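One structure is given below, encoded as C-alpha cells.
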Protein chains: 2
Amino acid sequence: MEEILDERSERVLLAVIQSYIEHPDPVGSRYVTKKYDFNYSPATIRNIMADLEDMGFLSQPHTSAGRVPTDKAYRYYVENILEEIKDDSDLLEVLNKKIRAGTEDVDTLLDETSRILSSISKYLGLAVSPGPEGSVLRKIEFVPYKDDRIAVVILTDEGVIRHKIIKNELALSPSELQRISNYINRQYKGFTIKEIRENLAEELRRDREMYDNLLQRSLSLCREAIYTYGSHIFITGLSQILDLPEFSDIERIKRISKTIEDKHAIINLIDRIMDSEGVQVIIGTENPLSEMKELSVIVSTFKEKGRPTGVIGIIGPKRMDYSTVISLVDSASRILTKLFDQGG
Amino acid sequence: MEEILDERSERVLLAVIQSYIEHPDPVGSRYVTKKYDFNYSPATIRNIMADLEDMGFLSQPHTSAGRVPTDKAYRYYVENILEEIKDDSDLLEVLNKKIRAGTEDVDTLLDETSRILSSISKYLGLAVSPGPEGSVLRKIEFVPYKDDRIAVVILTDEGVIRHKIIKNELALSPSELQRISNYINRQYKGFTIKEIRENLAEELRRDREMYDNLLQRSLSLCREAIYTYGSHIFITGLSQILDLPEFSDIERIKRISKTIEDKHAIINLIDRIMDSEGVQVIIGTENPLSEMKELSVIVSTFKEKGRPTGVIGIIGPKRMDYSTVISLVDSASRILTKLFDQGG
DNA sequence: TTTAGCACTCCTCATCAGAGAGTGCTAATA
DNA sequence: TATTAGCACTCTCTGATGAGGAGTGCTAAA
C-alpha cells in the first residue's frame with residue numbers, strides 16, 4: 001500500500017509541496033532548482049517530476065504548466081516528511097491564558113477555543129462539545145417556572161450545562177419536582193446521558209405494569225429532559241479564509257459556507273473520529289463529505305479521565321501549513337485535556 | 001425636506017425601481033416604455049429620467065448606461081409608493097407552526113425565527129433576544145455544582161434562560177445557597193435585570209457598613225451572576241444571499257461576512273431601534289454602520305406586555321422586494337408578540 | 001409639450017498576436 | 001549510465017483592436 005520514494009524524489013516532492021503551500025501557483029522545474037538549490041539541472045528535476053506524476057503524487061493543470069501536489073502527495077507529506085512537531089509556546093500562552101480567563105461553561109469555552117484556533121491559524125476553527133456518550137450526569141434539577149412549565153437544568157461532569165423548558169402536563173407540585181430531582185440524581189449520577197437514555201427506556205417498559213405513579217412520572221419527565229441532548233458544534237472564522245487566494249472563486253465560497261451551515265453532516269464526520277487517538281488529518285477527497293474535497297481537516301479529541309469527550313480542530317485549504325496546524329491542534333487538545341482533568 | 005414628485009415622474013421612478021429589483025441591470029428609457037407600457041416615447045421618459053437624476057433619485061454608472069436607483073429613491077419608494085402591506089397568510093402559517101412546534105426557550109425560538117425569516121425571504125435573518133432592560137427576573141437559582149463551583153440559572157418572564165458557572169469562593173453550603181436563592185427571588189422578582197444591577201450596586205454600597213454577612217454574600221453573588229447578562233444575536237442564512245447577483249463580488253462578500261461576525265456593532269445598531277414603533281427600514285447609507293452601506297435592514301421589535309423586548313428583522317441588498325419583506329417582518333413580529341402575551 | 005432623428009459615448013465581447021513559462025524529447029556529455 | 005544542454009512545442013495570459021449594441025443628450029419638427 002505504502003509507497004516509498006528514494007531520497008531525491010522525496011526532496012523534490014517536498015520542494016513542490018512547500019512552494020505550493022507558500023503560494024498556490026503550479027511549480028515548475030526551473031523554479032525548484034533555483035529556490036531550493038538542488039545540484040541538478042531543471043532537466044533532471046523535470047524527469048523526476050514526470051516520474052512523480054506517473055506515481056500520482058503530482059498533476060498538471062495543463063500540458064505546459066508546472067505541477068501541483070495531489071491529495072496523495074499531501075498524505076505522503078504528512079506521513080513521511082513532516083518534521084517533528086514543534087511546540088509553539090507563544091501561541092500556547094495565548095491559548096492557555098484566554099481559556100483560563102474565560103468562563104468555565106464548556107460550550108462557551110469551546111466557542112472561544114474555536115475562535116482562538118481560527119485567529120491563530122487563519123483558517124476555520126472547529127470545536128464540538130461532548131455528546132450523549134461523553135457526558136456524565138452530575139446533577140439534574142427540575143425547577144418550577146411559569147404556570148405550566150418546568151425548567152430542567154442538566155449539569156455534567158465535563159462542565160456542560162444544558163437547559164430546557166418542558167410542559168408540566170401532570171401538574172407536579174414544587175415539592176414533587178424536588179423529590180423527582182432527588183430521585184433521578186441518586187439513581188443516575190455518574191452515568192452517561194446515553195446510558196441513562198437506554199436505562200430509562202428499559203425501566204419505563206418494565207414499570208408499565210408495576211405502576212408506581214411518582215416513579216413513572218419521574219422517568220418520563222427525565223426522558224423528555226434528556227431527549228434532545230446532543231453535541232454543540234462551533235465553526236468560526238469564515239471571514240478569515242476568504243482572504244486566501246484559493247477562495248477567490250465564488251462557487252467555492254458558496255459550497256463552503258453551505259457546508260459549514262449544515263452542522264448535521266459535520267457531527268456525523270466527527271463521530272468517526274472519536275475512536276481514534278491523537279491528531280487526525282483528513283485530506284481532501286479522503287473526507288466522506290464530498291463538499292469538503294477541496295479542504296483539509298485537522299482534528300483531535302480532548303479527554304476527560306482518559307475518555308475522549310469532545311473534538312477540536314481546524315479546517316482549511318489542502319495546501320495548508322500542516323506542521324504548524326497539526327502542532328497547534330495537538331497542543332490545544334492537550335491543554336483542554338489538562339484543564340478538564342484539573343477541573344473535574 | 002420631503003420632496004413631492006408629480007404623478008408621471010413617480011410612475012417612472014417606480015418603474016425603474018421595480019425593474020432594478022427584478023434584476024440589477026441599469027434601466028434604460030426604451031425598456032421602461034416597453035415593459036411598463038407608458039403612453040410616452042423613450043425620449044420623453046429620457047427627459048423625466050434626467051430630471052430624476054438631477055433631483056438625486058437616479059444615477060448613471062457611466063454616460064451611456066441606463067439609470068440605477070439611489071438610496072434616496074428607495075427611501076421615497078418605501079415612504080410614498082409602496083402599496084399597502086399584504087398579509088401573506090401562507091408564510092405566516094409556516095412561521096406560526098414552526099414556532100409553536102419548537103421549544104419555548106426564547107433563544108432557540110429566536111434562532112429558529114431568524115432561520116425562517118431567512119429561508120422565506122432568501123436574505124439574512126436577524127433576531128436579537130431581550131437585553132438587561134427588557135428582561136424581567138422570574139426566578140434565580142444557585143445550584144451547587146463541582147467542589148468549588150456554583151451553577152446559576154436565571155429565568156425571566158420573557159422566557160429567556162441563562163446559566164453561568166461562578167466560583168464558590170466563600171464556600172457557601174447548599175442550604176445557604178438555597179437561602180440566598182430565596183432571598184434574591186423574594187427581593188427582585190418582577191424587576192428587570194437592569195434595575196437589579198442598579199439596585200444591587202446601591203445596596204452593596206449602603207450595606208458595606210451595616211455588614212450583614214449573608215446579605216452581603218447574596219448580593220455579591222447575585223451581582224456576579226447577572227454581570228454578563230446581555231442580548232444574544234442570531235444572524236443566519238449567509239449562504240442564501242451568496243446566490244444573489246450583486247454578491248458575485250468577493251470583496252463584498254468579505255465585508256458582509258465580517259460585518260455579520262462583529263455582533264457587537266450590530267447590538268449597538270439595535271439599541272437605537274428599540275425605542276421606535278413598528279417596522280423600521282434602514283436603507284444603505286442611512287445605516288450608521290458604514291460596512292452596511294450596500295445593504296438594507298428591515299427590523300421590528302416584538303413586545304411583551306406592551307414593552308419592546310427584542311428585535312427581529314431581515315438584512316438584504318438595497319434592491320430588495322420591500323413590500324414583501326416589510327410585511328413579512330411585520331407579521332413575524334406580531335406573531336411573536338402574540339405568542340409572548342399568551343405564554344406570559 | 002412631445003417626439004423623431006441623429007451623433008456620440010461607453011461598455012462588452014470576441015478575436016488575435018506576442019510574450020512567457022514550462023514541458024518532453026533527443027542528443028551530447030561526464 | 002546518469003545528467004544535462006538544446007530545442008521545438010504547447011498552453012496560458014495579456015493587451016490591443018474593432019465591431020456591435022445599448023443608451024444618452026440635443027435639436028428640430030410636429
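Computed over heavy atoms, backbone and side chain alike; hydrogens, waters and symmetry mates excluded. To find a chain, count down the sequence lines: A is the first, B the second, and so on, and within it residues start at 1. The structure presented is a predicted model; accordingly, all values stated were derived computationally and were not measured.
Minimum atom distance to the side chain of B/Thr63 is reached by C/dC10, of the listed D/dT10, C/dC10, C/dT3. Nearest nucleotide to the A/Asn47 side chain, out of D/dT4, D/dT10, D/dT24: D/dT4. When distances run from any side-chain atom of B/Thr44 to the nucleotides D/dT3, C/dT23, C/dT2, the shortest one goes to C/dT2. Checking C/dT23, D/dT24, D/dT4 against the side-chain heavy atoms of A/Met49 singles out C/dT23 as nearest. Of the candidate nucleotides C/dT23, D/dT3, D/dC11, D/dT3 has the atom lying nearest to any side-chain atom of A/Arg8.
In this model, no side-chain donor or acceptor of A/Arg30 finds a partner on the base of C/dG22 within 3.5 Å. Put simply, the side chain of B/Ser41 and the base of C/dT3 share no donor and acceptor less than 3.5 Å apart.
Here B/Asp25 lies out of heavy-atom contact (under 4.0 Å) with every strand.
A/Tyr40 places its OH atom 12 Å from the P atom of D/dA2, with the value rounded to the nearest Å. Note: CG (A/Asp51) to P (D/dT3) measures 11 Å, nearest angstrom. When rounded to the nearest whole Å, the span between CZ of B/Arg46 and C1' of C/dT2 equals 12 Å. Atom CD of A/Glu53 is separated from atom P of C/dG22 by 15 Å (rounded to the nearest Å). To the nearest angstrom, C1' of D/dT24 lies 15 Å from CG of B/Leu52. The distance from atom NZ of A/Lys34 to atom C1' of C/dG22 is 13 Å, rounded to the nearest whole Å. Look at CD1 on B/Ile45: it is 11 Å from P on D/dT24, rounded to the nearest Å. Following rounding to the nearest Å, A/Tyr20 (OH) and C/dG22 (P) show an atom-to-atom distance of 14 Å.
For the atom pair CG (A/Asn80) and CD (A/Glu10), the distance works out to 6.0 Å, reported to the nearest 0.5 Å.
With no hydrogens or angles considered, a side-chain donor-acceptor pair links B/Ser9 and B/Asp6 at under 3.5 Å.
B/Arg75 has no carboxylate O lying under 4.0 Å from a charged side-chain N of B/Asp71, or vice versa, which leaves the two without a salt bridge.
Mapping B/Ser64 and B/Asn39 onto DNA chain C by nearest heavy atom places B/Asn39 closer to the 5' end of the strand. Taking for each of B/Ala43 and A/Ala43 the nucleotide of DNA chain C with the nearest heavy atom, the 5'-most of the two is the partner of B/Ala43.
Applying the 6.0 Å contact sphere to NZ of A/Lys35 captures more than 12 heavy atoms from other residues, nucleotides or ligands.
Between A/Tyr322 and A/Tyr74, the ring-plane angle classifies as tilted under the 30° and 60° cut-offs.
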